[in-house]
Amino acid sequence: MRLILLGPPGAGKGTQAKRLQESRGLVQLSTGDMLRAAVASGSPLGQQAKRVMEAGELMPDEIIIDMIAERVDQQDCRNGFVLDGFPRTTRQAAALDEMLKRKNASLDAVIELAVDEAALIERISGRFSCAKCGAGYHEKFQRPKKDGVCDVCGSTEFVRRKDDNATTVAARLEAYRNQTAPILPYYEERGLLRRVDGMADVDEVTRQIEDVLASL
Ligand code: AP5
């Protein structure tokens, strides 16, 4: 199965993609995570990504398209994947179609997580993750079972993303409105778009996604 999770920053794409990876063995392909790994490596690409991400802008299409094209060719993606944060522009959407066509493959669904902007700010400002294993948490909505200890690996070190500040979040939302939201009609016209209520709690969103997948 090949899926796209679409939605603005903080909509819950990463949270739900991880769950789909665990429950269905779909590989989570997060362009944001790939770029953060490049930043951590200090490579020239990482240095560029750091500037762009901290400004809340989008990386150039050709860099992102090459990154995804290389990744979907890898063996572990053969049984399916869930795209989290890609495509983000009409050019990326068209490039994904080309990529899949070359492989004689197609998308099964594009799932939009619909959320109010006010909720996004609260979600993003409360987000943190485990410094060791990357498990994601939220101060209010998804606290570790034991305060200060990661549920998954037991680490006591947590980190926050540099781009989760008010100025950058405003720029990220604007990039979503101007560059990413326009791809929704592209998928709607092709009968691929399914909407779920991203305002519901995490388990309910997962249930709605499972309903969508069961209906395919
Ligand atoms: P990226 O890492 O993709 O960030 P984003 O799209 O801004 O999305 P987020 O990761 O902030 O949110 P999410 O929807 O995954 O929500 P999450 O599950 O974490 O991209 C970062 C940057 O990289 C971009 O700004 C751009 O510069 C660059 N980039 C990436 N891809 C690119 C591309 N294709 N082209 C060009 N540039 C690109 O949830 C958020 C919080 O809310 C968490 O704390 C979670 O616990 C909580 N939460 C989740 N669901 C719920 C719920 N239902 N109820 C309550 N709380 C919830």
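Quick note: numbers below take in every heavy atom, side chains included, and nothing from hydrogens, waters or symmetry partners. Both counts, for ligands and for their atoms, begin at 1 and track the order of listing. For the single chain, residues carry numbers from 1 onward in sequence order.
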Is it the side chain, the backbone, both or neither of [X] that has a heavy atom closer than 4.0 Å to ligand 1?
X	value
S30	neither
T15	both
R36	side chain
F128	neither
D61	neither
Q92	side chain

Has [X] got a side-chain atom pairing as donor or acceptor with [Y]'s backbone, closer than 3.5 angstrom?
X	Y	result
H138	E122	yes
D108	R2	yes
R207	D203	no
D116	A118	no
E188	L184	no

Starting from [atom], find the nearest protein heavy-atom neighbour and note its residue, name and distance.
atom	result
atom 28 (C) of ligand 1	L35 CD1, 3.5 Å
atom 37 (N) of ligand 1	M59 N, 3.1 Å
atom 51 (C) of ligand 1	V202 CG2, 3.5 Å
atom 53 (N) of ligand 1	A200 O, 2.8 Å
atom 19 (O) of ligand 1	R127 NH1, 2.7 Å
atom 54 (N) of ligand 1	R123 NH2, 3.4 Å
atom 25 (O) of ligand 1	R172 CG, 3.7 Å
atom 16 (O) of ligand 1	G12 N, 3.1 Å

Answer yes or no for [X]: is there a heavy-atom contact with ligand 1 below 4.0 Å?
X	value
A175	no
G198	yes
P8	yes
I124	no
G56	no
G136	no

Test salt bridge (charged side-chain N to carboxylate O under 4.0 Å, His left out) applied to R91 and E62, step by step:
CA-CA 9 Å; R91 193 163 153 223; E62 56 276 19; 3.6 Å; yes
[X]/[Y] ion pair, N-O < 4.0 Å:
X	Y	result
E54	K50	yes
E117	R177	yes
K13	E112	no

Heavy-atom closest pair, residues Q92 and R88:
OE1-N, 2.9 Å
Give the minimum heavy-atom separation between P8 and V115, together with the two atoms involved.
CG-CG2, 3.7 Å
Nearest neighbour of [atom] from the list [options], on a heavy-atom basis:
atom	options	answer
atom 4 (O) of ligand 1	M67, R161, E122, K13	R161
atom 33 (C) of ligand 1	R88, M53, K140	R88
atom 27 (O) of ligand 1	M34, K18, E57	E57
atom 45 (C) of ligand 1	E54, Q142, K50	Q142

For ligand 1, which atoms sit closer than 4.0 Å to a heavy atom of [X]?
X	result
P9	5 (P), 7 (O), 8 (O), 12 (O)
G14	13 (P), 15 (O), 18 (O)
T31	30 (C), 31 (N), 32 (C), 34 (N)
Y137	44 (O), 46 (O)
A11	14 (O), 16 (O)

Atom [atom1] of [X] with >12 non-hydrogen neighbours under 6.0 angstrom:
X	atom1	answer
N79	CG	no
K162	NZ	no
Q47	CD	yes
R78	CZ	no

Using the ring of Y176 (Phe, Tyr or Trp, six-membered ring only), decide whether R172 places NZ or CZ under 6.0 Å from its centre and within 45 degrees of its axis.
no
Can you list everything that forms a side-chain hydrogen bond (donor to acceptor under 3.5 Å, both in side chains) with K18? Sequence neighbours excluded, please.
none
Kindly confirm or rule out an N or O of G10 lying under 3.5 angstrom from an N or O of ligand 1.
yes
Is G85 in polar range of ligand 1, meaning some N or O pair under 3.5 Å apart?
yes
Using the rule that two of Ile, Leu, Val, Met, Phe, Trp, Tyr join whenever any of their side-chain heavy atoms come within less than 4.5 Å, decide whether V205 and L5 are in one cluster.
yes
